[in-house]
*Asks:* 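Take this structure first; my questions come after.
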Amino acid sequence: MTAIQLTDLAGLYRAGQVRGITSVCSAHPIVLRAALRHGREYGSTILIEATCNQVNHTGGYTGMTPSDFAELVRDLAEEEDCPRELIVLGGDHLGPNPWRHLPAAAAMEQASDMIAAYISAGFRKIHLDTSMGCANEAATLDDETTALRAAQLVVRAEQTAEHSDLPLPLYIIGTEVPPPGGADHALETITPTKPDAARATIEVHNRIFAEHGLSGMQGRVIGLVVQPGVEFGNQNVIPYDASKARDLLSVLEAHDGLVFEAHSTDYQGRGPLSEMVRDGFSILKVGPELTFVLREALYALDLIASDMLPDYGDRPLYHAMEELMQTHKENWARHYSGTDAEQRVMRHYSLSDRIRYYWTEKKAQTAVANLLAALDGQTVPLPLMWQHMPRAAHAAGRPLDPETLLIQRVCDTLTAYHAACTPKEV
């Protein structure tokens, strides 16, 4: 079966053929390797996206520029024997957010340089997000101002692609999305985007783009970000409720070239994800769930090694991560409340998975490397595997390849997304 392309989604939806594409939003090498291996196995489009805070022209919190990130993906793809034609790179929330402490003009200049770096590095799918206020502005901007700033970024993106003889990018508009990484508190319900608000976003962007001489790119606006009514907090998940989103689906009826892009679809599971794709949420973004299940698997292996190997120690990976997070609190302190014990639980086990910010630290990388080296080739008894990692019972009783187990755990989640996106694959 030929891989579904981003530009196919709107036509397939209107033809009654339920298809979607999973967007993997992570910079963790093991997650990326899993996405490439999974996509190679299924022959499906591998959409990998980086966010403006994570990767930008000044390095982002990963320390990677867009060209660095693209090179990482290419190198992993070569190692995984994954065809490059299956891979699509995307930029998520591209706008002034990392520099919103600056005056708007200065923040937008940085955002323009960032988007040029993304285009030059071969990123093809661009989510324009200029909705956030900068210094001395409201936290959230009106549609008119948002669209004007988006047009400024599109001009830079188009010029960069043309001057570099690169394919012209595809765009996603709309910014009504949950907080990055999930909400900070327990949630009871999430209200989907109002249809009139979605229509206004489309109409204002179309008008502003036309006024800026950008009518030619409007056919490459393929999706609209809306809130479908899904979210996850630190400890709970709000599943998709199709009845609450029904009115929103009418927006697609008048815009043949668009589908919806859904953010924060993590932890939904195959059933709700399948319903979302059926209803036109054809691009499903997932990020924290992938690093959550990776952390879950790492901690399980940490327990196995602690119980099995006398010289390994008592959960050294867990304790290394706790020390890192206590030393550098900036990535979680504003998001986790409660007693000291409650905050400790959230640091390690929150669904928002803010521990993911720490895996690039040398102390974390050393602890992971020591764990994998300690278990490599070891034979784990079945009862011990049942105790700590029952999903990997098939790997008990024979020499262990721990990194393969980590990749398989991430692939389990990706398989659920693939099933939702291709329910009647032939």
*Asks:* If we count only N and O atoms by modelled type, under 3.5 Å, do the side chains of Arg199 and Ser250 hold a donor and an acceptor together?
*Replies:*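 Checked: Arg199/Ser250 side chains pair up, N/O donor to acceptor below 3.5 Å.
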*Asks:* Do Lys363 and Thr366 come within less than 4.5 Å of each other through their side chains, counting heavy atoms only?
*Replies:* no
*Asks:* According to side-chain contact (heavy atoms from CB on, under 4.5 Å), who are the partners of His394, at least two apart in sequence or on a separate chain?
*Replies:*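 Listed in chain order: Ala392, Arg398, Leu405, Gln408.
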*Asks:* For Arg220 and Glu158: C-alpha separation, side-chain torsions, deciding distance, then whether salt bridge (charged side-chain N to carboxylate O under 4.0 Å, His left out) applies.
*Replies:* CA-CA 11 Å; Arg220 287 181 277 112; Glu158 297 282 292; 2.7 Å; yes
*Asks:* To the nearest 0.5 Å, what is the distance between NZ (Lys329) and CZ (Arg334)?
*Replies:*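 Output value for this atom pair is 14.5 Å.
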*Asks:* For His28 and Ile30, indicate whether the former's side chain and the latter's backbone hold a donor-acceptor pair under 3.5 Å.
*Replies:* yes
*Asks:* Would Leu294 and Trp359 satisfy side-chain contact (heavy atoms from CB on, under 4.5 Å), going step by step from the backbone distance to the final call?
*Replies:* CA-CA 11 Å; Leu294 174 62; Trp359 293 117; 5.6 Å; no
*Asks:* How are the rings of His348 and Tyr299 set to each other: parallel, tilted or perpendicular (split at 30° and 60°)?
*Replies:*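 The arrangement is tilted - the two ring planes meet at 30° to 60°.
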*Asks:* Spell out, as yes or no, whether a donor-acceptor pair under 3.5 Å connects the side chain of Glu342 to the backbone of Thr339.
*Replies:* yes
*Asks:* For the pair Lys125 and Glu261, find out whether any cationic side-chain nitrogen is under 4.0 Å from an anionic carboxylate oxygen.
*Replies:*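 Looking at Lys125 and Glu261, the cut-off is met.
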*Asks:* Could you tell me whether the side chains of Tyr417 and Thr265 share a donor-acceptor contact shorter than 3.5 Å?
*Replies:* yes
*Asks:* Just how far is it from atom NE2 of His255 to atom CZ of Phe260, taken to the nearest 0.5 Å?
*Replies:*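 Taking NE2 in His255 and CZ in Phe260, the distance rounds to 9.0 Å.
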*Asks:* Looking at NE2 of His418 and CD1 of Ile21, how far apart are the two atoms once the value is rounded to the nearest 0.5 Å?
*Replies:* 11.5 Å
*Asks:* Please test Gln54 against Thr62 for side chain to side chain donor-acceptor pair (under 3.5 Å), starting from the C-alpha separation and ending with a verdict.
*Replies:* CA-CA 6 Å; Gln54 184 183 63; Thr62 63; over 6 Å; no
*Asks:* Measuring from Asp92:CG to Cys25:SG, what's the distance to the nearest 0.5 Å?
*Replies:* 5.0 Å
*Asks:* Could you check Glu403 against Arg33 for salt bridge (charged side-chain N to carboxylate O under 4.0 Å, His left out), going step by step and ending with a plain yes or no?
*Replies:* CA-CA 11 Å; Glu403 183 171 315; Arg33 189 180 294 278; 3.7 Å; yes
*Asks:* Between Asp68 and Thr65 (side chain of the first, backbone of the second, donor and acceptor by atom type, cut-off under 3.5 Å), is there such a pair?
*Replies:* yes
*Asks:* Look at the side chain of Thr379 and the backbone N and O of Gly397, then say whether any donor-acceptor pair between them is shorter than 3.5 Å.
*Replies:*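 Side chain of Thr379 to backbone of Gly397: no pair is present.
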*Asks:* Examine the side chains of Gln227 and Thr193 and answer whether a donor and an acceptor come within less than 3.5 Å of each other.
*Replies:* no
*Asks:* Measure from NZ or CZ of Arg347 to the centre of the six-membered ring of Trp332 and say whether it is under 6.0 Å with the direction within 45° of the ring axis.
*Replies:* yes
*Asks:* Whether the Gln110 and His57 side chains hold a donor-acceptor pair (N or O, under 3.5 Å, no angle test) is what I'd like checked.
*Replies:* yes
*Asks:* Less than 4.0 Å between a side-chain N and a carboxylate O, is that true for Glu253 and Arg14?
*Replies:* no
*Asks:* Is it true that the side chains of Tyr61 and Asn331 contain a donor and an acceptor less than 3.5 Å apart?
*Replies:* no
*Asks:* Go through the steps to decide whether His335 and Ser352 satisfy the test side chain to side chain donor-acceptor pair (under 3.5 Å), and finish with yes or no.
*Replies:* CA-CA 9 Å; His335 305 279; Ser352 68; over 6 Å; no
*Asks:* Starting from the C-alpha separation in whole Å, work towards a yes-or-no answer on side chain to side chain donor-acceptor pair (under 3.5 Å) for Thr51 and Asn53.
*Replies:* CA-CA 5 Å; Thr51 68; Asn53 291 311; 5.3 Å; no
*Asks:* Is the shortest heavy-atom distance from the side chain of Leu170 to the side chain of Ile126 under 4.5 Å?
*Replies:* no
*Asks:* Can a donor-acceptor pair be found, under 3.5 Å and without considering hydrogens, that links the side chain of Asp129 to the backbone of Leu94?
*Replies:*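 Here the side-chain-to-backbone pair does not exist.
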*Asks:* Are Arg354 and Tyr357 in a cation-pi contact, defined as NZ or CZ under 6.0 Å from the six-membered ring centre and within 45° of the axis?
*Replies:*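 No cation-pi geometry.
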*Asks:* I'd like to know whether Val230 forms a side-chain contact (heavy atoms from CB on, under 4.5 Å) with Gln268, so could you lay out the CA-CA distance, the side-chain angles of the two residues, the decisive distance to 0.1 Å, and finally the verdict.
*Replies:* CA-CA 8 Å; Val230 304; Gln268 288 291 310; 3.6 Å; yes
*Asks:* Take the angle between the ring planes of His93 and His127 and call it parallel below 30°, perpendicular above 60°, tilted in between.
*Replies:*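 Geometry flag for His127 against His93: perpendicular rings.
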*Asks:* Verify whether one side chain among Thr291 and Asp353 offers a donor that lies under 3.5 Å from an acceptor in the other.
*Replies:*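 Yes, side-chain donor-acceptor contact under 3.5 Å.
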*Asks:* Output yes when a side-chain donor or acceptor of His205 lies under 3.5 Å from a complementary backbone atom of Glu144, and no otherwise.
*Replies:* no
*Asks:* In sequence, state the C-alpha distance, the side-chain angles, and the governing distance for Asp143 and Thr146, and then conclude on side chain to side chain donor-acceptor pair (under 3.5 Å).
*Replies:* CA-CA 5 Å; Asp143 279 345; Thr146 297; 5.3 Å; no
*Asks:* Return yes when atom CD of Glu137 has more than 12 non-hydrogen atoms of other residues, nucleotides or ligands closer than 6.0 Å, and no otherwise.
*Replies:*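 Buried by this count: over 12 neighbours within 6.0 Å.
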*Asks:* Among Val221, Leu9, Ile222, which residue satisfies the side chain to side chain contact (heavy atoms under 4.5 Å, CB included) criterion with Leu258?
*Replies:* Val221
*Asks:* Is the shortest side-chain heavy-atom distance between Leu298 and Asp302 below 4.5 Å?
*Replies:* no
*Asks:* Are Tyr312 and Leu371 side-chain neighbours, meaning at least one heavy-atom pair lies under 4.5 Å?
*Replies:*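 Of all side-chain heavy-atom pairs linking Leu371 with Tyr312, at least one is under 4.5 Å.
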*Asks:* Check Arg100 against Ala139 and note the closest heavy-atom contact, atom names and distance.
*Replies:*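 Minimum heavy-atom contact is NH2-O, 3.2 Å.
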*Asks:* What is the minimum heavy-atom distance between Pro29 and Leu76, and which atoms define it?
*Replies:* O-CD1, 3.8 Å
*Asks:* Is a side-chain donor or acceptor of Thr145 paired with a backbone partner of Leu141 at a separation under 3.5 angstrom?
*Replies:*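 Not a single qualifying donor-acceptor pair exists.
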*Asks:* Should Leu375 and Asp401 count as side-chain neighbours, where that means a heavy-atom distance under 4.5 Å?
*Replies:* no
*Asks:* Considering non-hydrogen atoms only, spot the tightest contact between Val55 and Tyr118 and give its length.
*Replies:*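 That closest heavy-atom pairing would be O-OH, 2.6 Å.
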*Asks:* Quick check: do Ile48 and Leu32 have side-chain heavy atoms less than 4.5 Å from each other?
*Replies:*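 They are in contact (side-chain heavy atoms under 4.5 Å apart), so the answer is yes.
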*Asks:* Can any side-chain N or O of Asp266 pair as donor or acceptor with the backbone N or O of Gly287 at less than 3.5 Å?
*Replies:*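 A pair under 3.5 Å: yes.
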*Asks:* Test side-chain contact (heavy atoms from CB on, under 4.5 Å) on Leu414 and Val24 and set out the steps.
*Replies:* CA-CA 9 Å; Leu414 294 175; Val24 173; 3.9 Å; yes
*Asks:* Nearest heavy-atom pair of Gln235 and Leu351: which atoms, and what distance?
*Replies:* C-CD1, 3.8 Å
*Asks:* Could you grab the distance from atom CG of Leu86 to atom CG of Leu47, nearest 0.5 Å is fine?
*Replies:* 12.0 Å
*Asks:* Using the rule given for side-chain contact (heavy atoms from CB on, under 4.5 Å), can you reason through Leu248 versus Phe281, listing the C-alpha separation, both sets of side-chain angles and the distance that settles it, and then say yes or no?
*Replies:* CA-CA 11 Å; Leu248 182 57; Phe281 297 94; 4.2 Å; yes
*Asks:* Hey, is the main chain of Arg315 close enough, under 3.5 Å, to the side chain of Ser306 for a donor-acceptor pair?
*Replies:* yes
*Asks:* Any salt bridge between Arg344 and Glu322, counting N to O under 4.0 Å?
*Replies:* no
*Asks:* Checking the side chain of Thr175 only, and the main-chain atoms of Ser131 only, is there a donor and an acceptor separated by less than 3.5 Å?
*Replies:*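 Such a contact is absent between Thr175 side chain and Ser131 backbone.
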*Asks:* Please give me the minimum heavy-atom distance between Val18 and Pro423, naming the atom from each residue.
*Replies:*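 Scanning both residues, the minimum pair turns out to be O-CD, 3.4 Å.
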*Asks:* Which heavy atom in Ala3 sits nearest to a heavy atom in Asp8, and how many Å separate them?
*Replies:*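 That closest heavy-atom pairing would be O-OD2, 4.4 Å.
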